[in-house]
S.K.: 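What follows is a structure written as structure tokens; I'll ask about it next.
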Amino acid sequence: MFDENCVFCKIAAGQIPSKIVYQDDDVVAFEDINPQAPHHLLLIPRRHVASMADLTAEDGPMLVSLFTTATKLARDLGFDKGGYRFVTNVGPDAGQSVFHLHFHLLGGRKFAWPPG
Ligand code: 5GP
Ligand code: ZN
């Protein structure tokens with residue numbers, strides 16, 4: 001479903017330019033406009049889902065596709081060896097600012113734990 005007020009729906013549809021690194025029928029991966037690491041990609045479903053809190057069992061295959069795309073991109077882009085982070089923020093306390101489900105794929109440096 002397309003939400004005309006959603007920036008990530010527009011990116012997935014090619015209506016807003018972005019640096020897309022991978023796309024298929026279910027998933028789009030593109031570079032974050034404000035990278036927090038040498039590699040910072042966002043992985044989204046094409047379908048508008050506001051956040052992880054709105055997923056249902058029917059989204060299972062799409063989620064598998066998101067995760068396997070992330071591991072493949074980390075490998076293909078050469079930042080899998082040292083490790084990487086794959087995270088999603090849910091709601092304002094976690095810092096979610098775009099309400100279309102997205103996973104941050106971050107790599108190329110060390111990350112602190114616990115996160116801030
Ligand atoms: P959140 O804070 O919701 O977890 O993450 C939203 C992310 O989307 C941020 O890292 C932000 O830099 C990125 N972002 C917001 N608007 C755009 C945009 O128009 N294009 C791209 N490529 N990234 C965006
Ligand atoms: Zn959307």
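Just so you know, residue 1 is the first one in the sequence shown, and it goes up from there. Given the structure is predicted, the values throughout are model-derived calculations rather than measurements. Counting convention: from 1, in listed order, for ligands and their atoms alike.
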S.K.: Output, in order, the C-alpha distance, side-chain angles, deciding distance and verdict of side chain to side chain contact (heavy atoms under 4.5 Å, CB included) for L73 and V21.
M.R.: CA-CA 9 Å; L73 283 170; V21 297; 4.2 Å; yes

S.K.: Centre-to-centre under 6.0 Å for H102 and H104, is that the case here?
M.R.: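 Yes, ring centres under 6.0 Å apart.
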
S.K.: Report the member of L106, L101, D32, V98 with the shortest heavy-atom distance to atom 7 (C) of ligand 1.
M.R.: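 Nearest heavy atom to atom 7 (C) of ligand 1 lies in D32.
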
S.K.: With a 4.5 Å heavy-atom cut-off, do K72 and Y22 have their side chains touching?
M.R.: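 No, side chains not in contact.
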
S.K.: Under a 4.0 Å heavy-atom limit, does I33 contact ligand 1 with its side chain, its backbone, both, or neither?
M.R.: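 It is both parts that get close, each with some atom under 4.0 Å.
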
S.K.: May I ask you to list the atoms of ligand 1 that are less than 4.0 angstrom from any heavy atom of V7?
M.R.: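 Checking each atom against V7, I get 19 (O).
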
S.K.: In the structure I gave you, are the side-chain heavy atoms of L41 and Y84 within less than 4.5 Å of one another anywhere?
M.R.: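 SC-SC contact between L41 and Y84 ruled out.
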
S.K.: For F86 and F67, run ring-ring contact (aromatic ring centres under 6.0 Å, His included): C-alpha distance rounded to whole Å, both residues' side-chain angles, the deciding distance at 0.1 Å, then the answer.
M.R.: CA-CA 9 Å; F86 194 55; F67 276 77; 4.9 Å; yes

S.K.: Can a non-hydrogen atom of F8 be found less than 4.0 Å from any atom of ligand 1?
M.R.: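 For ligand 1, residue contact (heavy atoms, under 4.0 Å) with F8 is present.
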
S.K.: Taking 4.0 Å as the limit for heavy-atom contacts, which would you say applies to H104 with ligand 1: side chain only, backbone only, both, or neither?
M.R.: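 Just the side chain.
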
S.K.: Looking only at heavy atoms of T88, does any of them come nearer than 4.0 Å to an atom of ligand 1?
M.R.: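 No, T88 has no heavy atom closer than 4.0 Å to ligand 1.
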
S.K.: Give me the residue, atom name and distance of the protein heavy atom closest to atom 20 (N) of ligand 1.
M.R.: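 That would be I11 CD1, 3.6 Å.
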
S.K.: Check whether more than 12 heavy atoms from other residues, nucleotides or ligands sit under 6.0 Å from atom CG of D93, and answer yes or no.
M.R.: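 No.
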
S.K.: Could you tell me if the side chain of Q15 sits less than 4.5 Å from the side chain of F2, heavy atoms only?
M.R.: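 Yes, close enough: below the 4.5 Å cut-off.
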
S.K.: Tell me the protein heavy atom at minimum distance from atom 3 (O) of ligand 1, and give that distance in Å.
M.R.: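 Its nearest protein heavy-atom neighbour is S97 N, 2.7 Å.
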
S.K.: What do the steps show when you test T88 against S51 for side chain to side chain contact (heavy atoms under 4.5 Å, CB included), and what is the final call?
M.R.: CA-CA 8 Å; T88 189; S51 82; over 6 Å; no

S.K.: Should L106 and F111 count as side-chain neighbours, where that means a heavy-atom distance under 4.5 Å?
M.R.: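 SC-SC contact between L106 and F111 confirmed.
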
S.K.: Return yes when atom CE of M62 has more than 12 non-hydrogen atoms of other residues, nucleotides or ligands closer than 6.0 Å, and no otherwise.
M.R.: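 Yes, the 6.0 Å shell around CE holds more than 12 heavy atoms from other groups.
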
S.K.: Run the numbers for me: atoms of ligand 1, each under 4.0 Å from some heavy atom of F30, listed by number.
M.R.: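 Near F30, meaning under 4.0 Å from one of its heavy atoms, ligand 1 has 21 (C), 22 (N).
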
S.K.: Counting each atom of ligand 1 from 1 as listed, which ones have a heavy atom of G95 under 4.0 Å away?
M.R.: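 Answer, ordered by atom number: 1 (P), 2 (O).
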
S.K.: Could you pull out the closest heavy-atom pair between L105 and A70, with the gap in Å?
M.R.: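 Smallest interatomic distance, heavy atoms only, reads CD2-O, 3.6 Å.
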
S.K.: Can you sort out which atoms of ligand 1 are near N34, meaning under 4.0 Å from one of its heavy atoms?
M.R.: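 Heavy-atom distances to N34 below 4.0 Å select 12 (O).
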
S.K.: Can we say D26 and R47 salt-bridge, meaning some charged N sits less than 4.0 Å from an Asp/Glu carboxylate O?
M.R.: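 Not counted as a salt bridge, because no side-chain N and carboxylate O are separated by less than 4.0 Å.
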
S.K.: Sort by chain and number the protein N/O/S atoms found under 2.8 Å from the Zn ion (ligand 2).
M.R.: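 Result, waters dropped: C6 SG, C9 SG, H48 ND1, H100 ND1.
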
S.K.: Of all the heavy-atom pairs spanning L101 and M52, show the shortest one and how long it is.
M.R.: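 For L101 versus M52, the nearest heavy atoms are CD1-N, 3.5 Å.
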
S.K.: If we only consider heavy atoms of I16, is any one of them less than 4.0 Å away from an atom in ligand 1?
M.R.: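 Heavy atoms of I16 never come under 4.0 Å of ligand 1.
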
S.K.: Would you say ligand 1 has an N or O under 3.5 Å from any N or O of H102?
M.R.: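 The answer is yes, given that H102 and ligand 1 share an N or O pair closer than 3.5 Å.
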
S.K.: For ligand 1, indicate whether the residue L42 contacts it via side chain, backbone, both or neither (heavy-atom separation under 4.0 Å).
M.R.: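 For L42, only side-chain atoms sit under 4.0 Å from ligand 1.
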
S.K.: Determine the sole option in I44, D3, V49 for which the side chain to side chain contact (heavy atoms under 4.5 Å, CB included) test with H100 is passed.
M.R.: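 In the set I44, D3, V49, the residue that makes a side chain to side chain contact (heavy atoms under 4.5 Å, CB included) with H100 is I44.
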
S.K.: So if I count the atoms of ligand 1 from 1 in the order they appear, which ones are less than 4.0 Å from some heavy atom of Q96?
M.R.: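 The atoms of ligand 1 under 4.0 Å from a heavy atom of Q96 are 3 (O).
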
S.K.: Could you see which bit of K19 sits under 4.0 Å from ligand 1, with heavy atoms only: side chain, backbone, both or neither?
M.R.: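 No part of K19 comes within reach of ligand 1.
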
S.K.: With sequence neighbours left out, write down each residue that passes ring-ring contact (aromatic ring centres under 6.0 Å, His included) with F30, or none if nothing qualifies.
M.R.: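 Only F8 meet the ring-ring contact (aromatic ring centres under 6.0 Å, His included) criterion with F30.
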
S.K.: Report yes if S18 has an N/O atom closer than 3.5 Å to an N/O atom of ligand 1; otherwise report no.
M.R.: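 For ligand 1, there is no N or O atom that lies under 3.5 Å from one belonging to S18.
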
S.K.: For atom 22 (N) of ligand 1, find the nearest protein heavy atom and state the residue, atom name and distance (0.1 Å precision).
M.R.: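 Minimum-distance protein heavy atom for atom 22 (N) of ligand 1 reads E31 O, 2.9 Å.
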
